[in-house]
Amino acid sequence: MFKLLLLIAIIWGVYYFFIKKKPLPNKESDVMVECEKCHTFISSREAIIKDGKYYCSKKCAGAKE
Ligand SMILES: [Zn+2]
């Protein structure tokens, strides 16, 4: 009986360890960023990052003032 409880504890411990270690990507992908050029709001997942700034498209990222 004690061995069974120990086994459950080990399984729970491993399970908990993996759940805790697993990152949550959903929270980060939902961030809305503003385009540096045309000020359109786009999700950071779709945004083009150039020189540390966000752009909505290649056209905005490539266009120079
Ligand atoms: Zn833009």
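Since the model is a prediction, treat every value here as computed from it, not as a measurement. Indexing begins at 1, ligand by ligand and atom by atom, following the structure's order.
Hydrophobic clustering places Tyr54 together with Val31 (ILVMFWY residues linked when any side-chain heavy atoms are closer than 4.5 Å, directly or through intermediates). Residues Val33 and Ile49 share a single hydrophobic cluster, defined by chaining ILVMFWY side chains whose heavy atoms lie under 4.5 Å apart.
To the nearest 0.5 Å, atoms NZ (Lys59) and SG (Cys38) are separated by 9.0 Å.
Excluding waters, the set of protein N/O/S atoms under 2.8 Å from the Zn ion (ligand 1) reads Cys35 SG, Cys38 SG, Cys56 SG, Cys60 SG.
Formation of a donor-acceptor pair under 3.5 Å by the Lys53 side chain with backbone atoms of Glu36 is not found in this model.
Taking Glu46 as the reference, Ser43 meet the side-chain contact (heavy atoms from CB on, under 4.5 Å) condition, with sequence neighbours excluded.
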### Task
Please report the C-alpha distance between Thr40 and Glu34 in whole Å, then the side-chain angles of each, then the deciding distance to 0.1 Å, and finally whether the side chain to side chain contact (heavy atoms under 4.5 Å, CB included) criterion is met.
CA-CA 6 Å; Thr40 303; Glu34 192 180 359; over 6 Å; no
